[in-house]
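This structure is a prediction, so every number in the text was calculated from the model and none was measured.
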Amino acid sequence: FSFPESSTDDKCVVVPAHSYILAISSPIFFNMLTGDSRNRKKTVHITDYDPEIFQIFLHYLYSEELEIKMDYLQDLVHLASKYSVYSLVDKCVEFMKENLNTSNVFVVLQCSELLEDNDLQKRCWDIVELQTNEVIKSDGFLSLDKDCMLKFLQRDSLLVQEIELFKAFDSWIASQSGNQDRNSSLQEFEERKFVYSQLVNHIRFPLMSPRDFAETVPQTNLLSENDVINMFLFFTSGSDVDVSFSKKPRTGTLKHCRLFPET
């Protein structure tokens, strides 16, 4: 397997492996490395994983032993799923269920969506809804992809003040922008800006206090000038100003129950 050292030169990191071990471990490798000798691959070029992570994956194929860590869990789940190594998928799922908490819930959530594990997804969303204030402070929140962020912002049952949700979203955008290639084209920048504008529409600004909105939101430039003006009119005018943002309260998942329902 060859891995590019960087995007600027042609140097590669080479990791050797035995085709027999690979073929008996994965049906994908079996099809790739056996059969007609004219179509067999001698070198497989990997561009979407680091060689260190891939070597951890190879170590499992050789030994079926692995110490799973959250640092590389997502990459490991991707590799196990991509190459149909189902025993490794099972180990990852078991690890995620045993170690699920507020600091890693978004990492586990994205892995569970990749694996289409509905039970694990439900566990993750239960934690997100009940402990929203904690999970939005985690590093995993900043690494959410756009689709998962959209699902998060659309949920009615988050237990969090809307201003705190907006601040966390603003931090997420800053993190995403910082991770982008500085040499990205103007078109890519405009595409990202469009995506962010679509996501921010799911923040429920009417649920904020006028003071919180005025002190925080306009300075971020995430809303258009017209939207900011309409929100100030909404807060100050006695008339029912039409705004494009949802006014539906986030109800949360906490329920009241009677200790003695028969009384």
Side-chain angles (χ1 to χ4, degrees), residues 1-97 99 104 106-117 120 139-140 142-149 175-189 191-192 195:
F1 298 92
S2 68
F3 304 81
E5 282 192 357
S6 68
S7 58
T8 58
D9 55 42
D10 297 328
K11 294 181 179 180
C12 291
V13 175
V14 176
V15 176
H18 298 86
S19 58
Y20 176 75
I21 299 293
L22 299 172
I24 65 172
S25 303
S26 159
I28 308 301
F29 284 137
F30 180 86
N31 292 334
M32 186 187 299
L33 302 171
T34 62
D36 190 343
S37 60
R38 291 172 299 178
N39 296 326
R40 279 185 209 159
K41 292 189 175 184
K42 296 295 184 182
T43 302
V44 180
H45 300 283
I46 307 291
T47 58
D48 47 353
Y49 300 100
D50 291 333
E52 294 81 5
I53 302 298
F54 203 83
Q55 284 178 301
I56 293 172
F57 173 65
L58 289 178
H59 176 76
Y60 176 79
L61 299 187
Y62 274 78
S63 66
E64 291 193 347
E65 295 178 354
L66 181 63
E67 181 184 0
I68 302 175
K69 296 182 179 179
M70 280 294 171
D71 295 343
Y72 50 77
L73 175 66
Q74 275 186 284
D75 286 330
L76 205 57
V77 169
H78 274 271
L79 281 165
S81 177
K82 179 178 181 179
Y83 293 105
S84 300
V85 183
Y86 301 116
S87 61
L88 180 54
V89 170
D90 292 340
K91 284 183 179 293
C92 289
V93 170
E94 182 181 355
F95 173 82
M96 289 187 286
K97 288 181 177 180
N99 295 275
N104 60 39
F106 285 117
V107 175
V108 174
L109 177 61
Q110 292 180 100
C111 291
S112 65
E113 290 187 341
L114 173 67
L115 299 175
E116 298 181 350
D117 188 321
L120 189 54
D139 292 337
L142 298 180
S143 63
L144 279 179
D145 58 34
K146 298 186 293 291
D147 293 335
C148 200
M149 177 58 74
S175 176
Q176 296 293 304
S177 301
N179 292 334
Q180 298 293 339
D181 185 1
R182 294 181 180 179
N183 297 321
S184 59
S185 64
L186 179 61
Q187 180 181 357
E188 291 174 328
F189 174 78
E191 288 175 354
R192 293 201 304 272
V195 169

- Message: Does E52 form a side-chain contact (heavy atoms from CB on, under 4.5 Å) with Y72? I'd like the steps, not just the answer.
- Response: CA-CA 10 Å; E52 294 81 5; Y72 50 77; over 6 Å; no
- Task: Test ring-ring contact (aromatic ring centres under 6.0 Å, His included) on F54 and F57 and set out the steps.
- Result: CA-CA 5 Å; F54 203 83; F57 173 65; 5.6 Å; yes
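Smallest separation of non-hydrogen atoms from V77 and C111: CG2-SG, 3.9 Å. A pairwise comparison of heavy atoms in S81 and V89 identifies N-CG2, 4.2 Å as the closest pair. Heavy atoms only, all atoms of each residue included: Q176 and L144 are closest at NE2-O, 3.6 Å. Scanning all heavy atoms of the two residues, the minimum distance from I21 to I24 falls at O-CG1, 3.4 Å. Minimum heavy-atom separation, V85 to S25: CG2-O, 4.1 Å. Smallest separation of non-hydrogen atoms from F106 and G140: CB-O, 3.7 Å.
Looking at V14 and F1, their side chains never come closer than 4.5 Å, going by heavy atoms from C-beta outward. Side-chain contact between L58 and L22 is present, with heavy atoms from C-beta onward closer than 4.5 Å. Two residues are said to be in side-chain contact when any heavy atoms from C-beta on lie closer than 4.5 Å; S2 and V44 fail this criterion. Using a 4.5 Å heavy-atom threshold, the side chains of S112 and M96 count as separate. Contact of the M70 side chain with the V108 side chain is registered, since non-hydrogen atoms from C-beta on lie closer than 4.5 Å. Y62 has its side chain within reach of H18: a pair of non-hydrogen atoms, C-beta onward, lies under 4.5 Å apart.
The OG atom of S26 lies 10.5 Å from the CG atom of L79; values are rounded to the nearest 0.5 Å.
Residues Y60 and S87 have side chains that bring a donor and an acceptor to within less than 3.5 angstrom of each other.
Salt-bridge annotation for K82 and D75: absent, with no side-chain N of the basic residue lying under 4.0 Å from a carboxylate O of the acidic one.
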